2 protein chains.
Amino acid sequence: MQSTQSYYPKQISFPKGQRVLLTNNIYNKNFFKPKSTAEAKVIAAKKHSESEKRRRMRINSQYTTLRAILPDLIKMDKASVLGETVRKVRELKKALTEVEAACHCGDRRDECVLPGGVDKLSVEQCEGEKGGLVKATFSCEDRLGLISDMTRALSCVKGRVVRAEMVTVGGRSKNALWVQGLGGGNEGVVALKRALKVVIDRPVLPRNII
Amino acid sequence: MQSTQSYYPKQISFPKGQRVLLTNNIYNKNFFKPKSTAEAKVIAAKKHSESEKRRRMRINSQYTTLRAILPDLIKMDKASVLGETVRKVRELKKALTEVEAACHCGDRRDECVLPGGVDKLSVEQCEGEKGGLVKATFSCEDRLGLISDMTRALSCVKGRVVRAEMVTVGGRSKNALWVQGLGGGNEGVVALKRALKVVIDRPVLPRNII
DNA sequence: GTGGACACGTGATAC
DNA sequence: TGTATCACGTGTCCA
């Protein structure tokens, strides 16, 4: 109702063309020019509706994609599809943050507590620690006698382990040792690193016992 | 254009007020009754359009929610919002499965390799293993001397550790020991469990060294 | 002035 | 039956 009232006055009541005085400006004004603008309007309206149809198709194709992604929600009205999508996104976000927090993954991957696939070794002074605390981190193939070898290497350099974290998973072992009593200088660190390198590089004997 | 053509004939072209001649059923049929149905049509149309408006609002509120959830996509047309939502859902799904696979979480949570928050102890025969292999799993507070205590407990029951997995994280320690040589019966299992329980229940001495 | 995006009212359809 | 959902054409605003 309102649309018709506002539409017709604009389209018909105001004839546009004012190309005056060819022969008769009355005809030119009231009949000739309005006819062509009316035709143009029809064409424009067709273009408009077709464009709007394409827009609707774009949106609706995304709805079908969404219905395909969401588990067994094939038949659902648009509002419910969107609502369920919101629920799903929130659920996935929450699950992701939870599992990342639980596994200590996703942040500082270079400091991952799980063993890496290649052998690594780093020995460094713990800053801000009195008494020359040194942290040694290394990753290697797990094997029988690994702890014995580590203990022997530590006793050789006269270090004392005050804290240790050891992870063995999938046949790979990662260990972090906090060692004290190596002496203040750099020699102790170098000696510890050399000793541990021998431990890491020792070949793995085949396990004859499961 | 088309709507006006189809609208006016139905609603306006039929003059309304004809409340004449109650005795004449011709009028009753052709004028009186159409008036009430025309009124009813208007009311129904109003109801219809309002209902449709509510539906649109439901859908649009979900769009705003979606725009709020998706990161910095505040200004986007509906089709793009849906497309971005699809992308986000797929990305989250993929990230979740990847991180679950990488951390071995999400499946068999009761067999999680990470230490639990409460002390636990289980000792059981490994099925299908010759030679009486026993697997002992326990979770406890980490402390200095834990490994020594474990070693002593194992030597007391005359068991031989053929494989071990040890995890210490966040001050909690989880250990899995595969022990052989306890004897065929159930007594060895019970003895090992009792010995390990002593280890677990031993109070944690305060760490005087970081 | 041209096209894109949106809201609106309406007819059609399914339950 | 009414009730809810959808597609459509249109008016309107904006860049």
Side-chain angles (χ1 to χ4, degrees), chain A residues 1-19 33-68 70 72-87, chain B residues 1-14 16 33-34 36-70 72-87:
Chain A
M1 179 111 62
Q2 182 207 18
S3 67
T4 62
Q5 284 169 349
S6 61
Y7 183 66
Y8 273 107
K10 280 181 192 166
Q11 195 171 56
I12 294 183
S13 70
F14 207 131
K16 292 180 162 186
Q18 307 292 355
R19 207 164 297 166
K33 208 55 197 301
K35 179 180 179 294
S36 76
T37 59
E39 276 180 1
K41 285 272 174 174
V42 172
I43 295 177
K46 199 175 190 69
K47 261 187 143 54
H48 185 29
S49 88
E50 281 171 356
S51 168
E52 179 66 10
K53 187 180 180 71
R54 282 196 300 273
R55 174 178 166 269
R56 280 195 301 266
M57 283 175 61
R58 277 208 312 277
I59 295 178
N60 285 339
S61 75
Q62 301 288 12
Y63 273 102
T64 62
T65 310
L66 230 36
R67 270 184 255 255
L70 269 52
D72 48 38
L73 300 179
I74 314 291
K75 209 51 193 173
M76 257 194 161
D77 61 279
K78 294 186 176 182
S80 306
V81 166
L82 293 187
E84 199 58 23
T85 303
V86 168
R87 206 187 57 76
Chain B
M1 180 109 63
Q2 185 206 20
S3 70
T4 62
Q5 286 169 349
S6 61
Y7 185 66
Y8 273 106
K10 283 179 190 168
Q11 196 172 54
I12 294 184
S13 70
F14 215 127
K16 296 178 164 188
K33 206 59 193 302
S36 72
T37 59
E39 276 181 1
K41 285 265 174 160
V42 173
I43 294 176
K46 197 173 192 70
K47 256 187 145 57
H48 186 28
S49 87
E50 281 172 355
S51 166
E52 180 66 10
K53 187 180 180 70
R54 281 196 301 273
R55 175 179 163 269
R56 281 196 300 267
M57 284 174 61
R58 275 210 312 278
I59 294 179
N60 286 338
S61 74
Q62 300 289 12
Y63 273 102
T64 61
T65 310
L66 230 36
R67 271 184 254 256
I69 286 183
L70 269 51
D72 47 38
L73 301 177
I74 311 292
K75 207 52 192 172
M76 256 194 162
D77 61 280
K78 294 186 176 181
S80 306
V81 166
L82 293 187
E84 199 59 23
T85 303
V86 168
R87 206 187 56 76

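Below, chains carry the letters A, B, ... as their sequence lines are ordered, and counting in each starts from 1. Here the structure is a predicted model, which is why all the values come from computation and not from measurement.
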| message | Going by the rule side chain to side chain contact (heavy atoms under 4.5 Å, CB included), which residues pair with A:S80 if we only count those two or more places apart in sequence or in a different chain? | response | A:M76, A:D77

In this structure, how many angstroms lie between the [atom2] atom of [N] and the [atom1] atom of [X], rounded?
{"X": "B:R56", "N": "D:dC8", "atom1": "CZ", "atom2": "P", "answer": "16 Å"}
{"X": "A:I59", "N": "D:dT5", "atom1": "CD1", "atom2": "P", "answer": "18 Å"}
{"X": "B:K46", "N": "C:dC8", "atom1": "NZ", "atom2": "P", "answer": "13 Å"}
{"X": "A:E50", "N": "D:dT10", "atom1": "CD", "atom2": "P", "answer": "11 Å"}
{"X": "B:Y63", "N": "C:dC6", "atom1": "OH", "atom2": "P", "answer": "8 Å"}

| message | If you compare all heavy atoms of A:Q62 against all heavy atoms of B:G83, which two are closest, and at what distance to 0.1 Å? | response |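 For A:Q62 and B:G83, the tightest heavy-atom pair comes out as NE2-CA, 3.5 Å.
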
| message | Using a strict threshold of under 4.0 Å (side-chain N to carboxylate O), is an ion pair present between B:K53 and B:E50? | response | no

| task | Would you mind reporting whether A:V81 and A:E84 have side-chain heavy atoms less than 4.5 Å apart? | result | no

| task | For A:R55, check salt bridge (Lys or Arg N to Asp or Glu O under 4.0 Å) against everything at least two apart and list the hits. | result |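 Salt bridge (Lys or Arg N to Asp or Glu O under 4.0 Å) list for A:R55, sorted by chain: A:E52.
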
| request: Taking only the side-chain nitrogens and oxygens of A:N60, find out if one of them lies under 4.0 Å from OP1 or OP2 of D:dA7. | output: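 Answer is yes, contact under 4.0 Å.
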
Between the protein and nucleotides 1-5 of chain C, which nitrogen or oxygen pairs come in under 3.5 angstrom?
unit_1: C:dA5; atom_1: OP2; unit_2: A:R58; atom_2: NH2; d: 2.7

| field | A:N60 side, atom CG; A:R67 side, atom CZ - distance, nearest 0.5 Å | value | 8.0 Å

